[in-house]
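Quick notes on the structure that follows.
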Number of protein chains: 2
Amino acid sequence: MTETWADQLDVGTGLMQLTNLVQDIYTTVSDRHDLTPVQARLLCVLLGGPRGMAELAQMFGVEKAALTGLMDRIEKRGLAERSAVPGDRRALQVTLTAAGRKAAIAFHTDMGEALSALTDPISAADRDHFRSVVEGMVSRCRTSRSNG
Amino acid sequence: MTETWADQLDVGTGLMQLTNLVQDIYTTVSDRHDLTPVQARLLCVLLGGPRGMAELAQMFGVEKAALTGLMDRIEKRGLAERSAVPGDRRALQVTLTAAGRKAAIAFHTDMGEALSALTDPISAADRDHFRSVVEGMVSRCRTSRSNG
DNA sequence: TATTGTTATACTCTATAACTATA
DNA sequence: TATAGTTATAGAGTATAACAATA
């Protein structure tokens with residue numbers, strides 16, 4: 001019976017709208033850095049250290065062949081490179097170049113600021129509550145995926 | 001100084017994780033219905049009624065030419081169709097076919113259930129609080145985009 | 001045999017530019 | 001001139017299948 005009741009949307013609908021919003025921001029920021037969204041994601045992952053091709057394919061939920069193409073393009077642009085892995089002559093290691101690291105950090109910083117514009121207007125208490133609910137969803141989903 | 005402090009992530013990071021999570025779910029459900037994510041989105045939009053090609057292009061943030069391709073494929077599959085608009089012989093109206101409506105509803109229902117699995121474990125109070133924070137972010141962003 | 005990565009092929013999605021037809 | 005839509009072309013991202021090299 002409150003005044004806001006009539007405007008209340010389904011939680012799922014809100015979740016979809018929020019996802020589309022963040023997705024739009026992500027695409028816009030990627031564009032600003034002359035990166036595709038997947039390329040930006042790849043660079044950000046590599047900020048955490050070198051990764052194998054198969055490892056990256058699994059993280060991204062794509063086939064190995066897709067990673068080959070992704071890496072061909074990112075390597076042609078001088079942002080990351082493949083190098084041999086000592087101890088396994090089949091495997092390749094993907095590492096950021098200096099330019100790639102710079103691009104990754106610039107993108108990540110910019111993206112952080114863009115998301116801040118979204119969350120800054122929220123009160124500290126609400127924001128903290130929101131964060132904990134989000135963390136709950138994320139962590140529950142992780143366990144449900146690893147357990148079956 | 002609480003025990004959870006050490007595990008707390010940045011709100012922005014949580015937002016990205018949540019977005020990736022919902023995105024993964026969306027792709028999985030689309031796949032289950034033999035649709036690409038964009039096709040699923042198109043069908044869902046059309047559940048709200050017929051739309052013009054230019055209108056759809058603007059809603060999706062893509063060029064008109066991209067809509068032409070999208071519609072070519074969805075029409076070839078018999079899920080939607082283009083028809084003339086009385087009063088403007090340049091314009092075309094996009095409508096769901098019976099099969100398209102059925103597919104759209106099935107997808108939407110499935111997606112709703114998948115999102116419920118995400119939000120059901122949250123307490124009613126937390127969920128409501130979460131929903132209102134999300135609505136705040138979405139509505140603030142809408143006004144900031146229309147005002148400049 | 002299993003795993004790591006590549007190549008070849010095809011499809012979807014997208015942008016740009018040039019075009020037609022109508023307003 | 002401006003708007004609605006299409007066609008042509010190109011590139012990114014993806015899947016599948018077949019392959020080579022190594023474990």
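As a basis for the values below, the full set of heavy atoms in this structure was taken, side chains included, without hydrogen atoms, waters or symmetry mates. Every chain is numbered from 1 and lettered A, B, ... according to where its sequence line falls, protein lines coming before strand lines. As the structure is a computational prediction, the values presented were derived from the model and not from experiment.
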How many Å lie between CE on B/M71 and P on D/dT6, as a whole number?
9 Å
The residue among B/I74, B/L79, B/V94 that forms side chain to side chain contact (heavy atoms under 4.5 Å, CB included) with B/L46 is B/V94
Testing D/dT6, D/dG13, C/dG5 for proximity to the side chain of A/Q39, the answer is D/dG13
Between CG of B/L56 and P of D/dG5 the distance, given in whole Å, is 9 Å
With nearest nucleotides of DNA chain D determined for A/D88 and B/L67 from heavy-atom distances, which residue corresponds to the more 5′ nucleotide?
B/L67
Taking the side chain of B/A65 as its heavy atoms from C-beta onward, which of D/dA12, C/dT16, C/dT4 lies nearest to it?
C/dT16
In whole angstrom, give the distance that lies between atom CD of A/Q58 and atom P of D/dA15.
13 Å
Which nucleotide sits closest to the side chain of B/V62: C/dT14, C/dC13, D/dT14?
C/dT14
Whole-Å distance between C/dT3 P and A/E63 CD?
14 Å
Between D/dT14 atom P and A/D72 atom CG, what is the distance in whole Å?
13 Å
Please work out whether the ring planes of A/F130 and B/F130 are parallel, tilted or perpendicular, with thresholds of 30° and 60°.
parallel
Would you kindly give the CG-to-C1' distance between A/L92 and C/dT3, to the nearest whole Å?
13 Å
Length of the line joining B/F60:CZ and C/dA15:C1', which is rounded to integer Å
17 Å
Please pick, from D/dG5, C/dT6, C/dC13, the nucleotide with the shortest atom-to-atom distance to any side-chain atom of A/K64.
C/dT6
Between D/dT3 and B/R90, counting only base atoms on the nucleotide and side-chain atoms on the residue, is there a donor-acceptor pair under 3.5 Å?
yes
Of the nucleotides C/dT6, C/dA23, D/dT14, which has the atom closest to the B/R89 side chain?
C/dA23
With distance as the sole test, does B/R82 use its side chain to make a donor-acceptor pair with the main-chain N or O of B/Q93 at under 3.5 Å?
no
Over all strands shown, is A/R73 touching base, sugar-phosphate only, or nothing at heavy-atom distances under 4.0 angstrom?
base
Main chain of A/D110, side chain of A/E113: is a donor-acceptor contact present, judged purely on distance under 3.5 Å?
no
For the side chain of B/R82, starting at C-beta, report the closest nucleotide among C/dG5, D/dT6, C/dA23.
D/dT6
Taking the side chain from B/Y26 and the backbone from A/T19, do they hold a donor-acceptor pair closer than 3.5 Å?
no
With sugar-phosphate meaning primed atoms plus P, OP1 and OP2, does B/T68 contact a base, only sugar-phosphate, or nothing at under 4.0 Å between heavy atoms?
base
With heavy atoms under 4.0 Å as the rule, sort B/L70 into base, sugar-phosphate or nothing.
sugar-phosphate
Taking CE from A/M53 and P from D/dT14, how many angstroms apart are they, rounded to a whole number?
13 Å
Looking only at D/dT22, C/dT12, C/dG5, the nucleotide nearest the B/T36 side chain is C/dT12
